[in-house]
Amino acid sequence: MSQATPTPVAPEIDVRPLVPAQRHARIFELVAALTPGGAFVLVNDHDPKPLYYQLEAEYPRQFSWTYVENGPRVWRVEIRKLARAA
């Protein structure tokens, strides 16, 4: 009998404690460090949709953006580097 390989859980990165001016810089560092297939879950206190557009402009079609929790007090978004983006 074979066992299914568990899907790795993406680490959560909570940017709420950071001042707003530091948040995007930190997130861009994390995105740049992702290996193909790698991911993290961004935790924020507002919808980070503007960040999506910034990332798409900087890294076109290189990542996926999946809402895990969609407010109203906490947003969680899984950001994953696509394997074909390597």
Side-chain angles (χ1 to χ4, degrees):
M1 181 187 298
S2 64
Q3 292 183 325
T5 303
T7 303
V9 176
E12 283 196 350
I13 307 298
D14 189 346
V15 296
R16 294 175 295 179
L18 300 176
V19 296
Q22 296 175 334
R23 292 179 183 186
H24 282 207
R26 177 67 179 131
I27 295 163
F28 270 88
E29 288 174 5
L30 294 166
V31 168
L34 285 176
T35 58
F40 64 90
V41 174
L42 172 67
V43 181
N44 205 358
D45 57 7
H46 63 276
D47 187 351
K49 192 67 166 183
L51 175 67
Y52 168 81
Y53 295 114
Q54 282 187 283
L55 288 173
E56 186 61 30
E58 189 74 25
Y59 304 100
R61 297 178 303 280
Q62 294 183 35
F63 66 91
S64 65
W65 177 278
T66 307
Y67 283 94
V68 177
E69 186 174 348
N70 201 2
R73 293 176 53 196
V74 175
W75 278 259
R76 285 182 170 78
V77 178
E78 182 191 75
I79 299 172
R80 180 174 300 277
K81 186 167 186 176
L82 301 176
R84 68 178 180 271

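This structure is a prediction, so every number in the text was calculated from the model and none was measured.
Taking a cutoff of 4.0 Å between a charged side-chain nitrogen and a carboxylate oxygen, Asp47 and Lys49 do not qualify as a salt bridge.
Rounding to the nearest 0.5 Å places CG of Leu51 at 5.5 Å from CD1 of Ile79. Rounding to the nearest 0.5 angstrom, the gap separating the OH atom in Tyr52 from the OH atom in Tyr67 is 9.5 Å. Taken from NE2 in His24 to CD in Gln54, the straight-line distance is 5.0 Å, to the nearest 0.5 Å.
Among Asp45, Asn44, Asn70, the single residue meeting the side-chain hydrogen bond (donor to acceptor under 3.5 Å, both in side chains) criterion with Trp75 is Asn70.
Proximity of Val74 to Val43: side-chain heavy atoms (C-beta onward) are separated by under 4.5 Å at one or more points. Side-chain contact between Leu82 and Gln62 is absent, with no heavy-atom pair separated by less than 4.5 Å. In this structure, Leu55 and Glu58 have side chains that are not in contact, with every pair of non-hydrogen atoms separated by 4.5 Å or more.
In plain terms, the two heavy atoms of Arg61 and Glu56 that are nearest each other are N-OE2, 2.8 Å. Across Arg16 and Arg23, no two heavy atoms sit closer than the pair O-NH2, 3.0 Å.
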Please tabulate, for side-chain N and O atoms in residues 25-42, each donor-acceptor pair with protein atoms closer than 3.5 Å (sequence neighbours left out).
from	atom 1	to	atom 2	distance (Å)
Arg26	NH1	Glu29	OE1	3.3

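Criterion: ILVMFWY side-chain heavy atoms under 4.5 Å apart, direct or through other members. Under it, Val15 and Val19 are not part of a common hydrophobic cluster.
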